[in-house]
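Here the structure is laid out as structure tokens; the discussion comes afterwards.
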Amino acid sequence: MPYLLEFAGLEDKASYHESNLESAVIDKMQKFLLELGNFFERISISSQFPNILL
């Protein structure tokens with residue numbers, strides 16, 4: 001059964017090394033968590049200063 005790895009941004013190949021997939025997944029997770037952190041930081045700041053548009 002084939003796996004869909006489009007989310008990882010890996011090029012199309014017949015096979016992958018596990019380390020390549022692991023690195024790609026970790027990279028995507030780091031970027032996602034940083035974006036999520038920035039979102040919550042803006043929410044926190046806007047709740048402290050509700051009259052200021054960010």
Side-chain angles (χ1 to χ4, degrees):
M1 177 173 208
Y3 295 100
L4 297 175
L5 302 174
E6 293 173 2
F7 71 91
L10 296 172
E11 58 190 51
D12 289 332
K13 293 196 293 187
S15 64
Y16 298 94
H17 290 283
E18 184 179 351
S19 60
N20 293 345
L21 178 58
E22 181 181 1
S23 296
V25 169
I26 289 172
D27 184 50
K28 296 292 181 179
M29 287 177 63
Q30 284 177 332
K31 288 179 182 178
F32 171 75
L33 291 173
L34 286 171
E35 289 176 16
L36 194 62
N38 289 336
F39 170 76
F40 284 115
E41 181 181 20
R42 279 179 276 178
I43 296 292
S44 174
I45 291 171
S46 66
S47 68
Q48 293 171 7
F49 305 101
N51 296 329
I52 299 174
L53 295 176
L54 299 176

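In what follows, every heavy atom counts, from backbone to side chain, and hydrogens, waters and symmetry copies are set aside. Bear in mind the structure is a predicted one, so any value in this text is a computation, not a measurement.
- Sorted by first then second residue, the salt bridge (Lys or Arg N to Asp or Glu O under 4.0 Å) pairs that include residues 23-33, not counting sequence neighbours, are Asp27-Lys31.
- Phe32 and Phe39 end up in the same hydrophobic cluster when Ile, Leu, Val, Met, Phe, Trp and Tyr side chains are linked at under 4.5 Å.
- The side-chain contact (heavy atoms from CB on, under 4.5 Å) search around Leu21 returns Leu5, Ala8, Leu10, Val25, not counting sequence neighbours.
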